[in-house]
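Along the sequence shown, the residues carry numbers beginning at 1.
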Amino acid sequence: MLAIRKIKQYIRHRFPASLPETEPEAAYDLWAGEYDRQPNNLMLALDKEIFSALLSKITVNGRSIIDVGCGTGRHWYSILRQQPARLVGYDVSREMLTMLKEKFPGQEIFRQTGHLLSQPADSFDLLVSTLTVAHISNIVPAIQEWERVVKPGGHMIITDYHPATLQKGGQRTFSHDGRLVAVKNYIHPVKLIIQTAQSLGMEPVQLIEKEIDESMRGWYEKQ
């Protein structure tokens, strides 16, 4: 039992039950340099899979797209391959945007998230927001603002860490200078997001929810 006890003590020390959370702007400024170099990050892998499935249902060629919470532009390669007429990025982190500018010079990029004041109403055919919703303290006015800039008949693609996991104590974490950093999250139930969109005259087209199961064991073993 001594070996088991020591292992448990190590796990508690290495992965505390709950870490103090850092505001998203500061956290992602720290994370930016390593964000694109995470080969064994299950959350990013699942987000890529889900985003690709959702995007495949929408015409991108010749359309105008805005990415809210664009970060380093993880999905921009797949978007730009389909030749949109316009791609605009918004993010709160200066360092994440610096990385994006290096990868995609000349694109329209703004350091801001919640309000899109520089964009007129009905400007975009598609709004994308991936792994961002839970970092926004009040999601209802954010979705109202997003709907404002989407054209009639346009679409939104929203993905994120599931709120049920956050409610059970899940955290979005990364390592920086030998310590584990947790990013501040807010819990917004899926039902609230759908109801808010419906109140603005939008309707859900497709909902994908991924469960962490035995098939994903390899990801955790690599970690």
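- No more than 12 heavy atoms of other residues, nucleotides or ligands lie within 6.0 Å of NZ in K48, so this atom counts as exposed by the packing criterion.
- The distance from the OG atom of S129 to the CD1 atom of I136 is 5.5 Å, given to the nearest 0.5 Å.
- Taking the side chain as every heavy atom from C-beta outward, E23 and V92 never approach each other to under 4.5 Å.
- A side-chain hydrogen bond (donor to acceptor under 3.5 Å, both in side chains) with H162 holds for exactly one of E211, E209, K168; it is E209.
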| request: Given side-chain contact (heavy atoms from CB on, under 4.5 Å), test H135 with N185 step by step and report yes or no. | output: CA-CA 5 Å; H135 295 323; N185 285 302; 3.3 Å; yes

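- One finds the CE atom of M156 at 10.0 Å from the CG atom of L126 (value rounded to the nearest 0.5 Å).
- Side-chain contact between K103 and D36 is present, with heavy atoms from C-beta onward closer than 4.5 Å.
- In terms of heavy atoms, Q167 sits closest to I187 at CA-CD1, 3.6 Å.
- Between atom CD1 of residue I193 and atom CE of residue M202 there is a gap of 13.0 Å, rounded to the nearest 0.5 Å.
- I158 and V88 fall within a single hydrophobic cluster, where Ile, Leu, Val, Met, Phe, Trp and Tyr side chains are chained together by heavy-atom contacts under 4.5 Å.
- Between Q198 and P204 the shortest side-chain heavy-atom distance falls below 4.5 Å.
- Side chain of Q171 to main chain of L19: a donor-acceptor pair is present (N/O by atom type, distance under 3.5 Å, no hydrogens or angles).
- Q107 has its side chain within reach of L80: a pair of non-hydrogen atoms, C-beta onward, lies under 4.5 Å apart.
- The side-chain heavy atoms of Y35 and E95, taken from C-beta on, include no pair separated by under 4.5 Å.
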| query | Can you list the steps and then say if D67 with R74 is a salt bridge (charged side-chain N to carboxylate O under 4.0 Å, His left out)? | reply | CA-CA 11 Å; D67 185 352; R74 288 180 302 108; over 6 Å; no

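- Annotation: side chain of N41 is not in contact with side chain of F174 (no heavy-atom distance under 4.5 Å).
- Applying side-chain contact (heavy atoms from CB on, under 4.5 Å) to I65 and the options D125, I58, V60, I157 leaves one that passes, V60.
- Cluster membership for I194 and V150, using ILVMFWY side-chain heavy atoms within less than 4.5 angstrom, is not shared.
- Linking ILVMFWY residues whenever their side-chain heavy atoms come closer than 4.5 Å, directly or via other members, leaves L166 and V190 in distinct clusters.
- The minimum heavy-atom distance linking K151 with S123 is given by the pair CE-O, 3.6 Å.
- Under the 4.5 Å side-chain criterion, counting only non-hydrogen atoms from C-beta, L46 is not in contact with T159.
- Between the S93 side chain and the M96 main chain, a donor and an acceptor come within less than 3.5 Å of each other.
- Ring orientation note: the planes of F104 and Y77 are tilted relative to one another, at an angle of 30° to 60°.
- Enclosure of atom CD in Q83 is not indicated, since only 12 or fewer non-hydrogen atoms of other residues, nucleotides or ligands lie within 6.0 angstrom.
- The distance from the CG atom of L131 to the OH atom of Y28 is 6.5 Å, given to the nearest 0.5 Å.
- In the hydrophobic cluster analysis, where Ile, Leu, Val, Met, Phe, Trp and Tyr join through side-chain heavy atoms closer than 4.5 angstrom, V140 is grouped together with L116.
- Of all the heavy atoms in P84 and I79, the pair that sits closest is CD-O, 3.3 Å.
- Here E49 contributes atom CD and I208 contributes atom CD1; the two are 8.0 Å apart, rounded to the nearest 0.5 Å.
- The two residues L100 and G71 come nearest to each other via the heavy atoms CD1-O, 3.3 Å.
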| query | So D47 and H75, side chain to side chain donor-acceptor pair (under 3.5 Å) or not? Walk me through it. | reply | CA-CA 10 Å; D47 182 68; H75 297 303; 2.8 Å; yes

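- D91 pairs with exactly one of V68, L97, T72 by the side-chain contact (heavy atoms from CB on, under 4.5 Å) rule, that one being L97.
- Hydrophobic clustering of Ile, Leu, Val, Met, Phe, Trp and Tyr side chains at less than 4.5 Å, counting indirect connections, keeps V128 apart from Y90.
- Within a 6.0 Å sphere centred on CZ of R86, heavy atoms belonging to other residues, nucleotides or ligands number more than 12.
- The heavy-atom pair separating V183 from E21 by the smallest distance is O-OE2, 3.5 Å.
- Note that the CG atom of D177 and the CG atom of L30 stand 8.0 Å from one another [nearest 0.5 Å].
- Taking both residues in full, the closest heavy atoms of P163 and P189 are given as CG-CA, 4.1 Å, listed atom of the first, atom of the second, then distance.
- Side-chain contact between W146 and I66 is absent, with no heavy-atom pair separated by less than 4.5 Å.
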